[in-house]
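Numbering starts at 1 and runs along the sequence shown.
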Amino acid sequence: MSRNRTYRKPLGVVMSHHIRNRRIRKAGVAALIAAASAVALTACGSNGSSSDAKGSSSSHASSSAKSSPSDASVHSQAGNQADKQAATLGGGTDKARAATECQPGTLRAKLDTAGISQAGMNHRGTFLRVTNTGDETCVISGYAGVALEGAGHTAIETTARHGSTYFATDPGSHPITLAPGKSAWADLVWTTTGASTAHAKYLQISPTGSNSHSTVPFAQDLDNGTLSLTAWSSKPPING
């Protein structure tokens, strides 16, 4: 018999070895998957009790809401600051009333005879005077509304020019505080050259420029139905 023989393992032994290696590999993969799942669960548990995205965002929103003041508290703080500022500026009852505009029903307008001495170079003038007949202090500003009337209170086309007159400098529109019984004045001027003369008998005076007005006698012949007047002033508007 020849001594050169090749030793071979039985076929059954080789198959068993391959099967064992395959099982080992499968067990390793399963172990890796289990370890990864444990890590993922641990990470989710650290962010909160809920593992979904919605639960995570809700947790962040609630924590941010607790850390920042609500809109209501911000507005409340702003309101308190505004109240403190108003108190610092002295918003008392008298000053609050002074900030109220004069209502037409509490104002009485008329012509002031102190201004009828204005005459010269075909110019004539008088003063408008408005008095607070109410019980509370109020504020008036701007220019009066004026309109001419003829005999029988017929309307005359009227042009009113605001600004300085021939006899007085316009103070410009500015607030004037009127306590009960106090007055404000404006200068009223017209010309008498005979150009398109309007024969007036009455004058409508609206202290605030509204439809509420007083009608006073005004027997004057004036050019073109044109009147010039200054803004209301706390003193009679006489040039010094």
Do [X] side-chain atoms and [Y] backbone N/O form a donor-acceptor pair below 3.5 Å?
| X | Y | result |
| --- | --- | --- |
| Ser164 | Asp170 | yes |
| Trp185 | Gly115 | no |
| Thr191 | Thr193 | no |

Going through the distances and angles, do Ser183 and Arg129 end up as a side-chain hydrogen bond (donor to acceptor under 3.5 Å, both in side chains)?
CA-CA 7 Å; Ser183 300; Arg129 181 173 181 173; 3.1 Å; yes
Before giving the answer on side-chain contact (heavy atoms from CB on, under 4.5 Å), spell out for Thr126 and Asp112 the whole-Å C-alpha distance, their side-chain angles and the decisive distance to 0.1 Å.
CA-CA 7 Å; Thr126 188; Asp112 192 333; 5.6 Å; no
Just by distance, with hydrogens left out, do Arg161 and Ser228 show a side-chain donor and acceptor under 3.5 Å apart?
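No - no donor-acceptor pair under 3.5 Å links their side chains.
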What I want to check is whether the side chains of Ser212 and Ser210 have a donor and an acceptor closer together than 3.5 Å.
no
Using the side-chain hydrogen bond (donor to acceptor under 3.5 Å, both in side chains) rule, take Asn122 and Tyr166 through it: C-alpha gap first, then chi angles, then the decisive distance, then the call.
CA-CA 10 Å; Asn122 295 321; Tyr166 186 81; over 6 Å; no
For a side-chain hydrogen bond (donor to acceptor under 3.5 Å, both in side chains) check, start with the C-alpha distance between Trp190 and Asp223, then their side-chain angles and the critical distance, and finish with the verdict.
CA-CA 7 Å; Trp190 59 96; Asp223 296 336; over 6 Å; no
Which of these passes side chain to side chain donor-acceptor pair (under 3.5 Å) with Asp187: Thr165, Thr230, Thr169?
Thr165
In terms of the angle between their ring planes, are Phe167 and His123 parallel, tilted or perpendicular, with boundaries placed at 30° and 60°?
perpendicular
Quick check: closest heavy atoms across Ile156 and His199, and the distance to 0.1 Å?
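Smallest heavy-atom distance, with atoms named: CD1-O, 3.6 Å.
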